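In what follows, a structure is listed as structure tokens, so that the remarks can point back to it.
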Amino acid sequence: MERPERGSASKHLNEAIIWAYALVPDPVKAYSEAIKAVESAAHATLDPKRDRATLGTMLGEMPKIAHKLVFDIEGADPQEGVEMVRRMMKQLWDGQTSRHGKQRPTRKETQAEAKAAIHLAAVLVQHFSSGAIRRA
């Protein structure tokens, strides 16, 4: 079921899977689509006032609003689940090496990296879309 507040998350995740597992895969596109899926799913929860929230801007916003977030599995410390989600998002963000140009040549993501990114993104999309992570 589509959830309008989660934007095009499912479409981006589907595109990521297609590009990663195609006969002629494009891991850079696959990784990029995986990130877009998370951006779409997390936007309404983490940075709803910003028109064009990115994974980077949401990662910057999370420490400011962490006390307002809850995760369905509390653990010993209620913030552990929120921190786990933030670290998953950061891993996805940091792993995309070809996102921006720099003085030294950038390396394109490998197919293995793209596949791992898709599965990490799928978990994040599920958590945000289902409300497992949400504002208190």
Side-chain angles (χ1 to χ4, degrees):
M1 176 172 99
E2 286 292 318
R3 295 193 53 202
E5 73 276 13
R6 300 307 167 185
S8 52
S10 63
K11 288 180 177 72
H12 287 296
L13 198 53
N14 186 54
E15 284 292 313
I17 292 166
I18 289 169
W19 284 113
Y21 291 93
L23 285 175
V24 181
D26 187 333
V28 173
K29 281 186 182 177
Y31 204 114
S32 178
E33 290 293 330
I35 285 180
K36 288 176 181 134
V38 174
E39 289 171 340
S40 296
H43 188 180
T45 302
L46 300 180
D47 208 357
K49 293 180 183 173
R50 190 184 309 252
D51 286 341
R52 292 192 48 148
T54 67
L55 194 54
T57 62
M58 288 185 243
L59 282 167
E61 200 62 28
M62 278 191 85
K64 299 173 198 169
I65 64 167
H67 65 284
K68 297 178 183 178
L69 299 172
V70 294
F71 184 67
D72 276 347
I73 304 172
E74 241 182 54
D77 175 354
Q79 283 297 299
E80 283 179 4
V82 173
E83 177 58 16
M84 176 203 63
V85 170
R86 188 199 66 78
R87 290 184 63 188
M88 290 170 68
M89 291 171 65
K90 186 169 179 352
Q91 186 72 38
L92 188 63
W93 177 253
D94 289 344
Q96 189 185 29
T97 56
S98 69
R99 178 176 51 255
H100 298 298
K102 36 183 147 171
Q103 287 183 329
R104 287 184 250 155
T106 56
R107 179 183 65 76
K108 292 182 177 183
E109 292 79 35
T110 66
Q111 188 172 12
E113 289 168 329
K115 287 178 178 179
I118 288 165
H119 295 281
L120 183 57
V123 170
L124 289 165
V125 166
Q126 164 60 25
H127 288 334
F128 283 103
S129 296
S130 69
I133 184 159
R134 63 193 173 282
R135 290 196 181 235

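Reckoned from all heavy atoms, side chains included, excluding hydrogens, waters and symmetry mates. Quantities reported herein were computed from a predicted structural model and do not represent experimental measurements.
Heavy-atom minimum distance, A9 versus S40: N-CB, 3.5 Å. When all heavy atoms are compared, the tightest approach of Y31 to A117 is CE1-CB, 3.4 Å. Considering all non-hydrogen atoms of both residues, L23 and P25 come closest at O-CD, 3.4 Å. Between T45 and I65, the closest heavy-atom pair is O-CD1, 4.3 Å. The two residues I118 and A20 have their closest heavy-atom pair at CD1-CB, 3.2 Å.
For the pairing with E113, the side-chain hydrogen bond (donor to acceptor under 3.5 Å, both in side chains) check across R107, Q96, K108 returns one residue only, R107.
Note: Q91 CD to L120 CG = 7.5 Å, rounded to the nearest 0.5 Å. Atom CZ of F128 sits about 5.0 Å away from atom CE of M89, to the nearest 0.5 Å. Once rounded to the nearest 0.5 Å, the distance linking CD of Q111 with OH of Y21 reads 8.0 Å. Put simply, NE2 on H43 and NZ on K49 are 12.0 Å apart, with the number rounded to the nearest 0.5 Å. Note that the NE2 atom of H119 and the NZ atom of K115 stand 8.0 Å from one another [nearest 0.5 Å]. For the atom pair I133 CD1 and M62 CE, the distance stands at 4.5 Å (nearest 0.5 Å).
For the residue pair T97 and E109, a side-chain donor N or O sits within less than 3.5 Å of a side-chain acceptor on the partner. Checking K36 against S32 by side-chain atom types alone, a donor-acceptor pair falls below 3.5 Å.
Distance alone, capped at 3.5 Å, places no donor-acceptor pair between the T57 side chain and the A53 backbone. Formation of a donor-acceptor pair under 3.5 Å by the R134 side chain with backbone atoms of G131 is found in this model.
Annotation: side chain of R87 is in contact with side chain of E83 (closest heavy-atom distance under 4.5 Å). In this structure, L13 and E33 have side chains that are not in contact, with every pair of non-hydrogen atoms separated by 4.5 Å or more. Between L69 and L46, the closest side-chain pair of non-hydrogen atoms falls below 4.5 Å. Considering only heavy atoms from C-beta on, H12 stays 4.5 Å or farther from E39 through its side chain. Between P48 and R135 the shortest side-chain heavy-atom distance falls below 4.5 Å.
Cluster annotation: M58 is connected to M84 through the hydrophobic network of ILVMFWY side chains, with a link wherever side-chain heavy atoms come within less than 4.5 Å.
More than 12 heavy atoms of other residues, nucleotides or ligands shown are found within 6.0 angstrom of CD on E80. Atom CZ of R52 is surrounded by 12 or fewer heavy atoms from other residues, nucleotides or ligands within 6.0 Å.
Sorted by first and then second residue, the side chain to side chain donor-acceptor pair (under 3.5 Å) pairs with a member in residues 60-71 form an empty list; sequence neighbours excluded.
Among residues two or more places apart in sequence or in another chain, the ring-ring contact (aromatic ring centres under 6.0 Å, His included) test is passed with H127 by F71.
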